[in-house]
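Notes to accompany the following structure.
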Amino acid sequence: MKKLFFVWTLLMASLFCYAVQAQNNQKNLNQAELVKRYLGLWKAEVGKDTTIWFETSAYGENAFLGSFKTKVKDKIIFETKQMWIYDKKSDKIFGVELEKKSGTFTYYLSRFISENIYEGTAIKDIMHPDIIDQTFYEKFKSPDIFIQSFISNNQKVSITYKRIK
């Protein structure tokens with residue numbers, strides 16, 4: 001447990017250093033409040049038999065914990081645990097995700113670029129944070145619906161999430 005905490009602390013410090021170098025032209029947006037939109041249980045239907053579940057809960061004042069599952073015909077094929085935190089100094093939102101089966105980490109650097117649009121980058125190798133694995137955008141259509149868009153296999157993918165509770 002101490003080793004996991006040490007690794008988490010080291011990773012967050014590395015992401016923080018990387019983020020401080022990046023410019024943020026959106027200082028007028030309240031990132032800490034906007035990110036609270038994700039709290040709750042979300043569901044996305046993808047294809048005939050595939051469902052994505054995304055659930056988040058507050059952890060302290062500026063952080064939340066998340067759980068992400070993809071099910072095909074009621075069998076879990078992908079599952080992660082996530083931790084997200086808003087950093088006041090950089091005015092960014094940092095995340096780390098641990099995939100259950102493989103044990104791999106993905107690190108995220110993200111922010112709201114407008115009241116309804118959230119953008120982020122996924123970084124697979126913390127030693128090379130300049131190499132972006134994926135960029136994603138999420139647009140809130142309402143408080144209970146957001147659309148996530150990203151590139152996968154050279155094609156744009158859009159997934160609509162609806163709040164369940």
Side-chain angles (χ1 to χ4, degrees), residues 8 11-47 50-71 78-99 105-124 126 129-165:
W8 166 252
L11 295 174
M12 291 311 293
S14 298
L15 277 174
F16 175 75
C17 291
Y18 174 73
V20 167
Q21 295 173 4
Q23 286 186 330
N24 182 4
N25 296 327
Q26 302 299 327
K27 290 285 185 186
N28 57 337
L29 295 173
N30 188 337
Q31 301 288 329
E33 279 304 308
L34 289 169
V35 77
K36 290 178 183 176
R37 292 178 175 188
Y38 288 102
L39 295 176
L41 177 62
W42 298 83
K43 180 181 178 183
E45 300 288 341
V46 184
T50 305
T51 306
I52 299 172
W53 294 93
F54 176 52
E55 185 169 20
T56 62
S57 59
Y59 186 76
E61 191 151 326
N62 291 324
F64 65 86
L65 301 176
S67 161
F68 185 93
K69 294 178 185 174
T70 302
K71 292 182 176 183
F78 182 78
E79 184 174 6
T80 69
K81 293 292 183 187
Q82 304 171 343
M83 178 180 266
W84 297 86
I85 186 164
Y86 166 70
D87 177 68
K88 232 183 231 185
K89 280 187 178 180
S90 66
D91 199 34
K92 300 271 192 293
I93 299 142
F94 299 99
V96 64
E97 175 179 75
L98 173 62
E99 203 268 314
F105 281 98
T106 302
Y107 313 95
Y108 296 94
L109 176 61
S110 54
R111 68 186 174 143
F112 277 86
I113 58 172
S114 73
E115 289 288 326
N116 294 313
I117 300 176
Y118 183 73
E119 74 170 359
T121 54
I123 302 164
K124 291 278 187 186
I126 197 64
D130 53 325
I131 301 173
I132 305 300
D133 184 60
Q134 184 179 71
T135 300
F136 62 91
Y137 296 90
E138 295 172 348
K139 182 174 185 174
F140 279 86
K141 297 299 231 174
S142 75
D144 297 322
I145 298 174
F146 74 87
I147 299 170
Q148 181 184 67
S149 300
F150 56 92
I151 303 295
S152 179
N153 298 322
N154 293 321
Q155 292 188 348
K156 182 180 177 182
V157 176
S158 293
I159 301 171
T160 300
Y161 289 82
K162 296 180 181 178
R163 185 186 307 275
I164 302 301
K165 63 177 181 174

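Here, residue 1 is the first one in the sequence, and each next residue gets the next number. Computed over heavy atoms, backbone and side chain alike; hydrogens, waters and symmetry mates excluded.
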Nearest 0.5 Å, please: how far is [atom2] in [Y] from [atom1] in [X]?
X      : Y      : atom1 : atom2 : result
Tyr86  : Lys92  : OH    : NZ    : 9.5 Å
Ile123 : Thr106 : CD1   : OG1   : 10.0 Å
Thr56  : Lys36  : OG1   : NZ    : 12.0 Å
Ile147 : Lys162 : CD1   : NZ    : 9.5 Å
Glu79  : Leu98  : CD    : CG    : 10.0 Å
Lys124 : Phe105 : NZ    : CZ    : 11.5 Å

Inset, instruction - Would you check, one step at a time, whether the test side-chain contact (heavy atoms from CB on, under 4.5 Å) holds for Ile52 with Phe78? - result: CA-CA 9 Å; Ile52 299 172; Phe78 182 78; over 6 Å; no
Legend entry - Donor-acceptor side-chain pairing of Thr121 and Thr135 below 3.5 angstrom: no
Inset, instruction - Determine whether the side chains of Gln82 and Trp84 contain a donor N or O and an acceptor N or O closer than 3.5 Å. - result: yes
Work out which heavy atom in [X] is nearest to a heavy atom in [Y]; give both atom names and the distance.
X      : Y      : answer
Arg111 : Ile93  : CA-CD1, 4.2 Å
Trp53  : Lys43  : CH2-CD, 3.5 Å
Ser57  : Leu39  : C-CD2, 3.7 Å
Tyr108 : Ala122 : CE2-CB, 3.6 Å
Ala32  : Asn62  : CB-OD1, 4.2 Å
Ser158 : Ser149 : OG-OG, 3.1 Å

Legend entry - Tyr161, Tyr118, Tyr38 screened by ring pair (Phe, Tyr, Trp, His ring centres under 6.0 Å) with Phe140, the one that passes: Tyr38
Inset, instruction - Verify, without hydrogens or angle tests, whether Arg163 (side chain) and Phe146 (backbone) share a donor-acceptor contact under 3.5 angstrom. - result: no
Legend entry - Enclosure of Tyr59 OH (heavy-atom neighbours >12, cutoff 6.0 Å): no
Legend entry - Derivation and outcome, side-chain contact (heavy atoms from CB on, under 4.5 Å), residues Phe150 and Gln148: CA-CA 7 Å; Phe150 56 92; Gln148 181 184 67; 3.6 Å; yes
Legend entry - Worked verdict on Gln134 versus Ile151 for side-chain contact (heavy atoms from CB on, under 4.5 Å): CA-CA 7 Å; Gln134 184 179 71; Ile151 303 295; over 6 Å; no
